[in-house]
There are 2 protein chains.
Amino acid sequence: MQTSDNPVLLAKLPEHEATYRRLRDMVLFGNMAPGQKVTIQGITQSLQAGMTPVREAIRRLTAEGALELHENRRVSVPRLTPSQLDEIAFARLALEPRLAQMAMIRMRSEDIDALAAIDSEIDTAIEAEDVHRYLAGNFRFHFAIYEMAAAPILLSLTQSLWLRFGPSLRVVIESEASIGPDRHRDAVAAMRGQDARALSEAVEADIAQGMDRVRAELAGTASARA
Amino acid sequence: MQTSDNPVLLAKLPEHEATYRRLRDMVLFGNMAPGQKVTIQGITQSLQAGMTPVREAIRRLTAEGALELHENRRVSVPRLTPSQLDEIAFARLALEPRLAQMAMIRMRSEDIDALAAIDSEIDTAIEAEDVHRYLAGNFRFHFAIYEMAAAPILLSLTQSLWLRFGPSLRVVIESEASIGPDRHRDAVAAMRGQDARALSEAVEADIAQGMDRVRAELAGTASARA
DNA sequence: GCGGACAGATTATGATCAAATTCTTTGCGC
DNA sequence: GCGCAAAGAATTTGATCATAATCTGTCCGC
């Protein structure tokens with residue numbers, strides 16, 4: 001799965017692929033709210049695309065868990081329950097530390113430098129309070145690592161998980177909670193030292209921290225809506 | 001995801017859903033060979049369906065990893081590499097024992113009886129050398145358990161994994177290797193005794209056994225093709 | 001309340017266009 | 001004259017669109 005989204009190559013993509021990526025990025029980077037309704041005709045107009053490509057993109061995202069079909073055959077952005085969030089946390093903890101370890105073995109010094117660069121971009125995004133760039137940077141940081149693991153199946157499972165909690169991140173960011181310790185920096189340090197154990201712990205801590213923030217915010221909005 | 005495929009309800013399904021399930025079952029139960037080409041017009045004719053439903057079913061299966069898109073935008077059934085098989089085995093071992101444990105807690109005595117019944121159906125299918133019924137029974141046994149875990153996200157990840165190694169099962173069966181000890185019976189016994197540890201071990205052993213058979217066969221056909 | 005018509009949205013079909021593969025033919029060199 | 005290879009035509013396949021048919025939910029009138 002291509003995550004680098006080079007704009008030069010993006011022009012030559014087939015319509016359904018371009019539509020898929022635009023919708024996916026909206027889901028991934030907090031541009032869609034949990035519970036939001038998604039209509040084919042709505043997307044058709046807002047994205048200036050035909051009906052068939054939109055249909056396909058929606059089906060694909062639905063299969064990946066990013067969107068949800070109701071019995072009425074309506075489509076919406078899933079609203080996570082605490083129990084589902086636990087499932088995601090469990091699966092992420094099972095997959096992502098492994099991916100990171102597999103990646104570390106294959107990593108060159110220059111790859112680690114690139115990761116550090118991404119991480120500092122994230123810091124500037126945080127300072128500028130640019131939510132979209134923060135989320136995009138965070139995604140790039142994690143998947144730049146995971147892609148080096150050369151484990152396409154585990155990677156696609158992980159991508160599916162990120163798609164599922166993506167919409168919930170928006171709310172987290174809006175609350176501007178405490179950022180906490182920088183687990184990315186710990187991870188980079190562990191990779192520099194080829195310390196598998198430390199890397200695993202850094203990734204686990206990052207996941208736990210992120211999921212906890214979602215969990216807290218989810219509880220907040222749930223009570224607010226009730 | 002509906003796996004019980006009740007034929008009464010199946011008539012009322014929308015075309016694209018029915019097409020999806022037929023294709024999915026073909027993938028899952030060894031009716032498609034790894035490497036086989038899948039053309040949209042070919043499916044249109046063999047399944048007597050329209051073009052749009054077939055397109056959607058293929059897109060959906062592609063998103064789930066059951067089918068593979070090439071750069072030429074052609075579609076085929078993936079041929080697993082040993083490394084990918086390791087990924088699947090790792091992910092299965094991470095997810096399925098957990099699902100089984102979650103399911104066991106919610107299980108009633110009658111549910112366990114139903115599982116035992118499925119398992120004996122499997123035995124008769126083996127005696128009759130009915131490959132399709134054996135594979136379908138095996139699938140039903142595992143997912144009857146996993147569905148009781150009430151963990152939809154972990155369930156869909158697991159389903160994606162089964163879709164990926166489904167086509168490779170055909171070859172395994174053709175070779176009619178030794179069946180080995182019946183891990184299903186061990187699992188049922190563990191559930192009867194509410195023994196989480198034993199259940200986990202039975203599931204792990206069943207997965208390891210199954211994956212090993214695929215691995216051995218995969219190595220065989222690889223050398224045969226070389 | 002109950003029922004039916006209406007509006008909005010989705011599903012499904014078939015046609016049309018574009019891309020890729022295959023096959024054939026043509027031309028060159030030996 | 002023979003064989004290889006490149007060019008091009010024909011076929012196959014995929015992508016997109018416009019449209020018709022179907023379904024769902026709602027709103028009005030009784």
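From a predicted model like this one, the values you see are computed outputs, not experimental measurements. The chains referred to below are lettered A, B, ... by the order of the sequence lines, with proteins before strands, and numbering in each begins at 1.
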- Task: Any pair with a residue in residues 85-99 of chain B that passes salt bridge (Lys or Arg N to Asp or Glu O under 4.0 Å), sequence neighbours left out, goes on the list, sorted by first then second residue, please.
- Result: Asp86(B)-Arg215(B), Arg92(B)-Glu96(B)
Acceptor/donor pairs from residues 31-43 of chain B side chains to any protein atom, 3.5 angstrom cut, sequence neighbours excluded:
from	atom 1	to	atom 2	distance (Å)
Gln36(B)	OE1	Ala33(B)	N	3.0
Thr39(B)	OG1	Gly42(B)	N	2.8

- Mind calculating the distance between NE2 (His70(A)) and C1' (dA9(C)) to the nearest angstrom? 15 Å
- With sequence neighbours left out, which residue pairs that include part of residues 46-58 of chain A fulfil the side chain to side chain donor-acceptor pair (under 3.5 Å) condition? Arg55(A)-Glu56(B), Glu56(A)-Arg55(B), Glu56(A)-Arg59(B)
Protein-nucleotides 10-16 of chain D N/O pairs under 3.5 Å:
from	atom 1	to	atom 2	distance (Å)
dG14(D)	OP2	Ile40(B)	N	3.0
dG14(D)	N7	Gln41(B)	NE2	3.3
dA15(D)	OP2	Arg55(B)	NH1	3.0
dA15(D)	OP2	Arg55(B)	NH2	3.0
dT16(D)	OP1	Glu15(A)	N	2.5

- Item | Which residues share a side-chain contact (heavy atoms from CB on, under 4.5 Å) with Ala49(A), sequence neighbours left out | Glu15(A), Thr19(A), Val54(A)
- Query: Between atom CZ in Arg60(B) and atom C1' in dT11(C), what is the gap in whole Å?
  - Reply: 14 Å
Could you tabulate the donor-acceptor pairs under 3.5 Å formed by side-chain atoms of residues 108-115 of chain B, not counting sequence neighbours?
from	atom 1	to	atom 2	distance (Å)
Asp111(B)	OD2	Arg108(B)	N	3.0
Asp113(B)	OD1	Arg192(B)	NH2	2.4

